[in-house]
Engineer: 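Dropping the structure in here first, questions after.
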Amino acid sequence: MILNPDQLNTNKDDISIHKDQFDNLASSLSRQNIQVDQIVNKLANFQIAIPSWALGAGGTRFGRFSYHGEPSSLEQKLEDIGVIHSLTKSAGAVSLHIPWDIPKDYNAIKELANSLDIKFDAVNSNTFQDQPNAKESYKFGSLSNTSQAVRDQAIAHNKEVINIGEKLGSKSITVWLADGSSFPGQSNFQTALSHTQNSLKDIYKSLPNDWKLFIEYKPYEPYFYSTVIQDWGTSFMLANECGEKAFTLVDLGHHLPNTNIEQIVSTLMLKGKLGGFHFNDSKYGDDDITVGSIKPYALFLIFNELVYGMENNPQNPELSWMIDASHNLKDPLEDLIQSLETIQITYAKALLVDQTKLKQAQENHDVSLCQEILQNAYLTDVRPLVKQARLQQQGALDPLKAYRLLSIREQLIKERGKNTVATGL
Ligand code: LRH
Ligand code: MN
């Protein structure tokens with residue numbers, strides 16, 4: 001399914017209402033010496049990678065409720081991302097998970113992605129599941145396993161993932177390890193960490209010069225007592241040991257309750273070791289639900305540190321922006337459209353923060369004014385800016401509304417039937 005721009009924004013009233021709202025907001029922001037065009041351009045250039053493993057219905061150990069019309073091939077997954085990108089103009093990249101999404105025909109896949117204006121962001125390795133006919137099992141770990149043979153198999157897999165990424169034009173690999181233990185005494189923490197360090201160094205040696213290695217941390221799940229790469233500090237330490245092309249990846253759902261994630265982000269940027277994000281939201285665990293659906297202000301505080309860091313930390317490279325979600329209830333495409341919208345809105349609010357005034361108030365210990373400056377930006381309805389950025393690129397004024405008006409899910413079911421199942425989580 002390919003969408004063309006003149007199928008969008010057919011309701012002229014919506015356009016004129018938007019114009020009024022945008023003009024009002026733009027004039028009030030200009031009076032505060034805010035460069036509205038700059039913000040709109042930053043939003044237009046802000047592209048977020050869609051996870052190839054989140055285009056079908058997710059599930060839990062208690063069950064999975066299929067969503068009809070799911071993509072059953074990488075080609076169909078790219079088409080679905082193409083639909084989201086046509087509507088939002090902010091989903092111009094895909095993050096593949098290997099082996100769930102190994103291309104059969106690399107040239108065909110690259111041509112299709114190119115025709116849909118989709119780039120290949122980080123590729124993800126998978127040493128948390130055993131593949132059919134695999135010689136070694138990852139049941140008791142992969143890069144940290146006590147068995148050299150298992151570690152070698154996992155290292156070889158990661159090198160294969162880099163090769164696949166190179167053929168597609170990707171420039172980074174994300175390594176997330178399930179490795180850990182579910183019972184006290186089950187594993188020797190030091191041995192597990194040393195094996196992991198040496199295995200990552202081995203993988204790092206195969207990294208092309210212009211590539212990055214993202215080390216993703218997580219406190220628990222699938223194991224419930226310890227995780228080898230449990231927190232940002234462990235990932236940061238492992239990245240430093242590997243070298244200048246290794247960075248920490250922050251998955252928002254990978255923090256214990258009430259963790260100050262914005263402080264972690266600011267620390268990693270100051271140290272030049274923040275590689276990128278897996279955006280999602282959560283109430284309790286790694287729930288992988290719609291971005292900003294539970295803690296929108298926390299996401300704003302994270303973006304405030306990102307904006308400060310992008311202005312003040314040239315030592316930190318350009319970041320990789322990716323969503324990592326699992327859809328148990330919503331239409332996967334609607335869920336991703338809502339997440340993209342929230343990320344854009346939150347970035348826009350953070351760009352309204354007067355960083356100079358805030359720094360001054362912080363220097364003066366004017367605590368109340370600090371909060372006023374932050375919340376003035378947070379409480380500004382920036383949706384006209386996000387809509388303007390989309391309109392400038394022939395996207396939909398209201399992507400979710402357009403998705404429903406065009407009956408895209410119904411068309412996908414007609415094309416693919418009710419029982420197709422997408423690979424992934
Ligand atoms: C682990 C994780 C990781 C992916 C997986 C799909 O929880 O966040 O990023 O490999 O989800
Ligand atoms: Mn993740």
Side-chain angles (χ1 to χ4, degrees), residues 48-61 64 77 93-102 121-131 138 141-144 154 157-158 161-162 164-165 170 172-180 196 200 203 212-224 226-232 234-235 238-239 247-256 259 261 264-265 268 274-291 299 302 319-328 332 335-336 339 343 422-425:
I48 301 124
I50 303 296
S52 63
W53 60 91
L55 291 158
T60 71
R61 59 187 167 154
R64 179 182 181 281
K77 288 185 176 188
V94 59
S95 182
L96 295 187
H97 219 297
I98 307 297
W100 293 333
D101 300 298
I102 297 179
D121 203 312
V123 282
N124 299 264
S125 60
N126 177 340
T127 58
F128 50 86
Q129 294 172 328
D130 287 344
Q131 302 310 317
Y138 297 134
S142 60
L143 300 182
S144 72
H157 166 69
N158 278 279
V161 171
I162 292 170
I164 291 171
S170 174
S172 52
I173 178 172
T174 297
V175 175
W176 167 69
L177 300 183
D179 294 31
T196 301
L200 284 170
I203 295 166
K212 295 188 187 111
L213 166 64
F214 298 148
I215 302 173
E216 184 177 1
Y217 58 90
K218 184 175 181 178
Y220 73 97
E221 190 199 43
Y223 304 115
F224 300 109
S226 73
T227 298
V228 177
I229 310 181
Q230 61 167 321
D231 59 11
W232 75 271
T234 308
S235 166
L238 291 165
F247 301 89
T248 292
L249 185 136
V250 176
D251 183 314
L252 297 184
H254 293 184
H255 300 88
L256 298 176
T259 299
I261 303 174
I264 293 171
V265 166
L268 289 168
L274 179 63
F277 279 86
H278 279 179
F279 289 114
N280 47 54
D281 207 341
S282 51
K283 177 75 173 164
Y284 303 105
D286 187 19
D287 309 344
D288 280 344
I289 59 177
T290 320
V291 178
L299 185 68
I302 290 167
L319 295 163
S320 268
W321 313 101
M322 297 167 274
I323 290 174
D324 183 356
S326 177
H327 322 286
N328 300 339
D335 201 335
L336 291 164
S339 284
I343 293 168
T423 54
L425 281 183

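Keep in mind that the numbers below use all heavy atoms, side chains included, and drop hydrogens, waters and symmetry copies. Ligands are counted one by one from 1 in listed order, and the atoms in each one are counted from 1 as well.
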Engineer: For a quick check: using heavy atoms under 4.0 Å, what are the residues in contact with ligand 1, sorted by chain and number?
Structural biologist: W53, H97, F128, W176, E216, K218, D251, H254, H278, D286, D324, L425

Engineer: Hydrogens and angles aside, do D251 and N280 bring a side-chain donor and acceptor to less than 3.5 Å of each other?
Structural biologist: yes

Engineer: Testing the 3.5 Å rule here: is there a donor-acceptor pair between the side chains of T60 and N328?
Structural biologist: no

Engineer: Indicate if the distance from the Mn ion (ligand 2) to the nearest N, O or S atom of D324 falls below 2.8 Å.
Structural biologist: yes

Engineer: Ignoring hydrogens and angles, state whether a donor on the side chain of D335 or T290 is under 3.5 Å from an acceptor on the partner side chain.
Structural biologist: yes

Engineer: Name of the E216 N, O or S atom nearest the Mn ion (ligand 2)?
Structural biologist: OE2

Engineer: Assess D288: does it contribute an N, O or S atom lying under 2.8 Å from the Mn ion (ligand 2)?
Structural biologist: no

Engineer: Considering non-hydrogen atoms only, spot the tightest contact between S235 and Y217 and give its length.
Structural biologist: CB-CD2, 4.0 Å

Engineer: Could you check I323 against I50 for side chain to side chain contact (heavy atoms under 4.5 Å, CB included), going step by step and ending with a plain yes or no?
Structural biologist: CA-CA 6 Å; I323 290 174; I50 303 296; 4.3 Å; yes

Engineer: Could you walk me through whether F279 and L252 pass the side chain to side chain contact (heavy atoms under 4.5 Å, CB included) test, one step at a time?
Structural biologist: CA-CA 6 Å; F279 289 114; L252 297 184; 3.8 Å; yes

Engineer: Have D324 and W53 got a donor and an acceptor in their side chains that come within less than 3.5 Å?
Structural biologist: yes

Engineer: Name whichever N, O or S atom of D251 ends up nearest to the Mn ion (ligand 2).
Structural biologist: OD2

Engineer: Just give me the atom name: the N, O or S atom of H278 closest to the Mn ion (ligand 2).
Structural biologist: ND1

Engineer: How close do P99 and H157 get, counting heavy atoms only, and between which atoms?
Structural biologist: CD-CE1, 4.3 Å

